[in-house]
Amino acid sequence: MWMIWPDNPVLSAVVLFLIALPFLYGARRPITGLVHALTRAMANPLRMAARWMTAGAAELKARNRQVLLTHGREEAMKSVEREFERVTAMVQRDLSGYPALQRRIMDEITRVEEDYKKCGEVPPPPPEWIKAVETIAGIKNTGDGLVQEILEDIAKSLERIYNRVIAEYRRSYESRHKILKGFQPLWRSLEQTLTKVDKNITGLEDSAVRIDAQMEKYQQITANLDRAEHGLSASASIQFAISALVMLVAVGGAFVNFKLISLPMSAMVGGGDYITANLQASEIAALVIIFFETLMGLFLMESLRFTRLFPLSNVTEKMRRHMMWISLSILLVLAGVEVALAVMRDLIVAADVALKQSLGGAMAAPVETGWITKIPTAGQMILGFTLPFALAFVAIPLEYFIQSSRIVLGHGLVLAIRGTALSFRILGTSIKHLGTAICMLYDAVIFVPILIERAIHSRNKTAAPAIGPGTAREPGGRPRVERLAAGGDQ
Amino acid sequence: MKRLLSIAIVLAAGVWLAACTDKKSHAQAVYMLVDTSGTYTRELGKAQALMGYVLGRLNPGDSFAVARVKSRSFSEKDIIAKVTFVKDPLQANAQKRAFRDQVANFTQGVKQGSAYTDITGGIIQAAQYLNETGAGRKTILIFSDMQEELDYKTVRNFPINLEGIRIVALNVTKLTTDNVDPRRYLDRMAWWEKRVQAAGAVEWRMVNDLDHPERIFEAHR
């Protein structure tokens, strides 16, 4: 239809193009302006959004950092508090007995000293007796029979006395040895007491080291050090992963528990009652029991101070104890109910199997009544009793999960926002460059009139000095002097 | 604590509302028609085994009835046994045993088949029973060769209403004449399908392989 020569479309197109060329050249400025305006209209909002998102991400990161440091500070405070509690308990337990211990040590030392002194006492030889011996020893043996006899008598007496003195001396030594032997338990007792004291002191030193480490961490957090932030982030990520894993295990436990009690619950709340198309009332009841057990577990852990999920700081110690006993009692009752339900489940399953066997026309298998057949029932009962308590401990990983998820999700959100901002920026820049490319393509299509325009301009340029420098201006363009300074028409 | 309490109340209210909004019954009702006419009485053993399977599949709250198809079947007297299971699974179990015994007694008592086969009358009776139960899923099982034979006084050629009911034909045996000309069998089945669909039945199905009775309750594909 548009073809001038229908038999020759190429020639028709070329002629049409040549006819359109002056119009295209004339429309060059408005069209390039339109393209630039359109690309700007698309690119600028994208870049603005990217900038806004980057700022938002930075703000969120700062907020995350604040939360992280606050959380870390609280954790460090809690750790220090716990260490102090431990030290206090140790001091109360051990140091309160130190006066008595000291008295005991002093008594033992005094006894040791006294005994030692006793050991040192050697009976002094009588001086007169020594002198008499020396005098007699000075008498010369002249061979006089009387003297000989007297000397022999003295020698015998001396020998007898000597033997007696030696025996007494030995007895004395023996008694000293006995005293020294009596030292042994005292030394042992002293050694034990001092070892105990040493152990206590070492325990205190360890606690002090731990407190120092926590205090250092606290100081780093307070000083807003990057190292502390990185450490806390890594710790939060690990906590998140571990607590998620533990929660997954707990969910598995809850599922087993659900399977254990959902069937017998139909005997309690009625089977065949549906809440929705696929959800029976008995299943809801079983879920409610499991959730209730978990809730009681949360309260129990909270009242035992294992977790701090609820603001219970204004609850008195007495109330906390009451809360603990109440939640523990309810948990016990629910565990008992689960034991009963486990027995019920076994009955229902056995009856169902027997019925299906009889409906199928099969001969009922002889029922064994030995203790082995009771094992599944016993296993179900044990599971029914222990699972509620196991579920109660889910409060601990739950607390860690909640706390760490805030930090991990915060980091994830910052990453997502930054990623989106980057993609917006890339898209905006691409659109802008696409606009430039379209304009250049347009110029390439109408290159003939542009070349003519440039030739005319270059002729004007040669004639320009006659008019005067610095005033020549292309229509709608920069002053020519500026363009020359900027590197010519290129 | 107040916040927790309010969350718990909102959750409880949500569950209660959900419970209240779903008024549709999710119970199942099954009505099994057993052909006791002519030579088909020889298939009663299979029917009894199938009834056992259906009993095993039903849950507390469901309803089940077994009725015979004879010369004129539009009568409560043709219902051999019927039951709506209680909510307690152990008691429901006892009900199933009693039901099985009742049907077993009947099958032992059947010596001679009826002269005619009023399947339509049985279906109308079944539809009435199923609609009375108010069950959400209603199924009529027809254990027959689907060859309807009526005496000259019996009138059944009028439109029937089977809205919301599934029809499953079971153990549709081929007659001697079907073997001579299989088109008779195919035409018969096509006629029944057309009839029940015109009556508003949600599904028409035929299960001849009784080694796979689970196909009776399979969802329509």
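We name chains A, B, ... by the order of the sequence lines, and we start the count at 1 in each one. The model shown is predicted, which means the values in this text are computed figures rather than measured ones.
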*Please name the pair of heavy atoms, one in L90(B) and one in A351(A), separated by the smallest distance, quoted to 0.1 Å.*
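For L90(B) and A351(A), the tightest heavy-atom pair comes out as CD2-CB, 4.0 Å.
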*Considering all heavy atoms, the nearest A354(A)-R97(B) contact*: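 Answer, listing the atom of A354(A) first, then R97(B): CB-NH2, 3.7 Å.
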_Please classify the contact between M344(A) and chain B as side chain, backbone, both or neither, with a heavy-atom cut-off of under 4.5 Å._
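Looking at M344(A), just its side chain touches chain B.
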Count the heavy atoms of every other residue, nucleotide or ligand shown that sit under 6.0 Å from [atom1] of [X], and state whether that count exceeds 12.
X       : atom1 : result
M268(A) : CE    : no
E59(A)  : CD    : no
Y400(A) : OH    : no
D209(B) : CG    : yes
F74(B)  : CZ    : yes

*What distance do I348(A) atom CD1 and D88(B) atom CG have between them, rounded to the nearest 0.5 Å?*
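Going from the CD1 atom of I348(A) to the CG atom of D88(B) covers 7.0 Å.
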*Name the member of P89(B), G56(B), G61(B) that forms the most heavy-atom pairs with chain A at distances under 4.5 Å.*
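Heavy-atom pairs under 4.5 Å are most numerous for P89(B).
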*Please flag which part of R100(B) lies under 4.5 Å from any non-hydrogen atom of chain A: side chain, backbone, both or neither.*
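Looking at R100(B), just its side chain touches chain A.
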